[in-house]
Q: 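Supplied in structure tokens, the structure appears directly below.
Chain letters run A, B, ... following the sequence lines, proteins first, then strands; residues in each count from 1.
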There are 2 protein chains.
Amino acid sequence: MDQAPRWTRPTMGTLFAGLEREPADALLDAATHRQFAEGTTLFHQGDAPSQLFQVSAGLVKLSRVNPEGEQTTLRFMGAGDLVGCVAVFQQSPFPATAIASKPTSVLCWGAAQILDLTRRYPAISANALKTVGDRAREMIDRVAELTDKGVEARIASVLLRLAGQVGRTCLAGVEIAYPVTRRDVAEMTGVTYFTVSRILGGWQRQGLVQLGRVRIIVMEPQRLAQIAG
Amino acid sequence: MDQAPRWTRPTMGTLFAGLEREPADALLDAATHRQFAEGTTLFHQGDAPSQLFQVSAGLVKLSRVNPEGEQTTLRFMGAGDLVGCVAVFQQSPFPATAIASKPTSVLCWGAAQILDLTRRYPAISANALKTVGDRAREMIDRVAELTDKGVEARIASVLLRLAGQVGRTCLAGVEIAYPVTRRDVAEMTGVTYFTVSRILGGWQRQGLVQLGRVRIIVMEPQRLAQIAG
DNA sequence: CGTCACCTTGATGGATATCAAAAACCGTGG
DNA sequence: CCACGGTTTTTGATATCCATCAAGGTGACG
């Protein structure tokens, strides 16, 4: 218990990445645990950012609604991901809404505390910077994808991304271990769910994927990757 | 010369925002000036991030090419903007290419120096964090825009954004003080320049804008804003 | 005054949204 | 076990938007 690390995922990408003992302890001490039931919202788009979350288990959906009420799903966040980082470190309203898609447990910090910690420990600040940078880079990638890839390529990308984030290998291939409706995929790609249904149907006929009611199994990742470009 | 600040834009958004004398001096001392002629590239997409730039005058275009050679223009950056911040603080390759669209002068820092400075001065780090966050937020906005707004709305948004970034008020309205081709607008919105030409033409007929060869004057910002949604 | 880049306009086709309807699936309660 | 209601999914017909291709016009500049 003494030299063993007290946190579970010392991997890169989190706030804890590569920290010395002292700042890591300070971070942990300041954190509280919270649980969110499926369907519960962590925060709403437009809210003042009072807390920063790090997912330790479960799944969170980040989405955004426009004035007309249409939804755009920005991404899912799983274990290790920092939810709310952009808003908290900027001290400006959340740009999206976060909803637990599964029972989810998180580590969380008050905005004031976390800002204080970054001020005190440059290493934490550097990690935050890296994480926010990752978020920016992802969104840059999405912008490029949306402007110069076709619909099929975008859907293939989303499938692969989901498979990577929440995929579970099974006999037939990689199953997306989370109830994904056609509408979900549509909101992630910026098309209607009719189109998603048609394209997925085509792929199933070709043996690329296997479809169920709220379930998708990727059977040929490489051919999908090829379609994704 | 003693209590007067030595930098020109102490406004927020830059690395210098709200700094005490000491870190500000350290930043300035570490910086070097560079000039880029029109058409020169500051860095290429995929390059290792060796330098961070802050534009002091001129204009830089950030764009991205996909494997098929099509261009996507991410944004223009003007005085005060930090170019390359995402990559430098993350120490991973530039996600886009930066090219001077006008004769441009910049302040620039080596990657190692700037990382060292953020380690030494939490205030600088906080500013960096805020800037990178801004970039992330912008891109989130673009993603939402691309997925749920139509072409007209996107073009209107781009026009308003340009007017805000590099606009100059004149008698007829707000002139975009930079030679913008239809193709430029197209690359920023993800459509072809044919479509841009048609839509702009329609707006000119309705008196919303006034068109010239490589020149656009926005005459009715509010109606454009309405179209932008 | 010729050349080149930029811009416009028209005709056409294809991809995708939209509208409408039905089918498959799931949980529930009789 | 079966019938029912709601959600998800499929499928079809049609319309719309936009890309594409083709051609000509317009202004800038040597």
Side-chain angles (χ1 to χ4, degrees), chain A residues 38-39 61 66 68-73 101 145-159 162 175-176 178-206 208-217 227-229, chain B residues 38-39 61 66 68-73 101 145-159 162 176 178-206 208-217 227 229:
Chain A
E38 185 170 338
K61 178 160 89 170
N66 67 1
E68 288 84 45
E70 292 149 18
Q71 279 215 348
T72 302
T73 298
S101 290
E145 197 172 292
L146 283 166
T147 53
D148 54 41
K149 281 163 111 178
V151 169
E152 292 213 344
R154 299 210 300 272
I155 295 180
S157 299
V158 164
L159 252 47
L162 282 175
E175 176 184 359
I176 293 171
Y178 161 74
V180 190
T181 67
R182 307 289 181 269
R183 181 186 288 274
D184 286 329
V185 176
E187 281 168 0
M188 286 187 260
T189 47
V191 297
T192 60
Y193 58 83
F194 304 105
T195 302
V196 172
S197 175
R198 279 185 244 268
I199 289 179
L200 253 39
W203 288 350
Q204 183 171 35
R205 256 165 263 133
Q206 297 170 46
L208 293 183
V209 299
Q210 188 173 323
L211 303 173
R213 185 176 158 75
V214 284
R215 180 213 206 104
I216 301 174
I217 302 178
I227 293 175
Chain B
E38 184 172 337
K61 177 161 89 171
N66 66 3
E68 287 84 44
E70 291 149 19
Q71 278 215 347
T72 303
T73 298
S101 290
E145 198 171 292
L146 283 165
T147 53
D148 54 41
K149 281 162 108 178
V151 168
E152 292 213 343
R154 298 211 300 270
I155 295 179
S157 299
V158 164
L159 252 47
L162 282 174
I176 293 171
Y178 160 74
V180 190
T181 67
R182 307 290 181 266
R183 177 180 231 101
D184 286 330
V185 177
E187 281 168 0
M188 286 187 261
T189 47
V191 298
T192 59
Y193 61 89
F194 303 104
T195 302
V196 172
S197 175
R198 278 186 245 268
I199 289 179
L200 252 40
W203 288 349
Q204 182 170 35
R205 256 165 262 132
Q206 297 170 45
L208 293 183
V209 299
Q210 189 174 323
L211 303 173
R213 185 175 159 74
V214 284
R215 181 211 203 103
I216 301 175
I217 302 178
I227 293 174

Q: What is the distance, to the nearest angstrom, from the CZ atom on Arg215(B) to the P atom on dG27(D)?
A: 14 Å
Q: For Val151(A) and for Val196(B), find the nucleotide of DNA chain C with the closest heavy atom, then tell me which residue's nucleotide is more 5'.
A: Val196(B)
Q: Using whole Å, what does the distance between atom P of nucleotide dA19(D) and atom OH of Tyr193(B) come to?
A: 12 Å
Q: Within the 4.5 Å heavy-atom criterion, are Val185(B) and Arg182(B) side-chain neighbours or not?
A: no
Q: Could you check Thr181(B) against Arg198(B) and say which one's nearest nucleotide on DNA chain C is further toward the 5' end?
A: Thr181(B)
Q: Does a side-chain N or O from Thr195(B) land closer than 4.0 Å to OP1 or OP2 of dA19(D), or not?
A: yes
Q: Does some side-chain heavy atom of Val191(A) sit less than 4.5 Å from a side-chain heavy atom of Val196(A)?
A: yes
Q: Once you round it to whole Å, what is the distance between C1' of dA23(C) and CZ of Arg182(A)?
A: 14 Å
Q: I need the CZ-C1' distance between Arg154(A) and dA17(C), as an integer number of Å.
A: 13 Å
Q: Please confirm whether the shortest side-chain N or O distance from Arg183(B) to OP1 or OP2 of dC6(C) is below 4.0 Å.
A: no
Q: Taking atom C1' of dT8(C) as reference, at what distance in whole Å does atom CG of Leu211(B) sit?
A: 11 Å
Q: Would you mind reporting whether Leu208(A) and Ile227(A) have side-chain heavy atoms less than 4.5 Å apart?
A: yes
Q: Do the side chains of Asp184(B) and Val214(B) get nearer than 4.5 Å, heavy atoms only?
A: no
Q: Would you indicate which nucleotide in dT8(C), dC6(C), dT11(D) comes nearest to any side-chain atom of Phe194(A)?
A: dT11(D)
Q: Starting from P on dC6(C), measure out to CD on Glu187(B) and report it in whole angstrom.
A: 11 Å
Q: Taking only side-chain nitrogens and oxygens of Ser197(B), does any of them come within less than 4.0 Å of OP1 or OP2 of dT8(C)?
A: yes
Q: By the 4.0 Å heavy-atom rule, please label Arg205(A) as base, sugar-phosphate, or nothing.
A: sugar-phosphate
Q: Roughly, in whole Å, what's the span from CD in Glu152(A) to C1' in dA15(C)?
A: 10 Å
Q: Atom CD1 of Ile199(B) to atom C1' of dT8(C): distance rounded to whole Å?
A: 14 Å
Q: Could you tell me if the side chain of Ile217(B) sits less than 4.5 Å from the side chain of Val209(B), heavy atoms only?
A: no
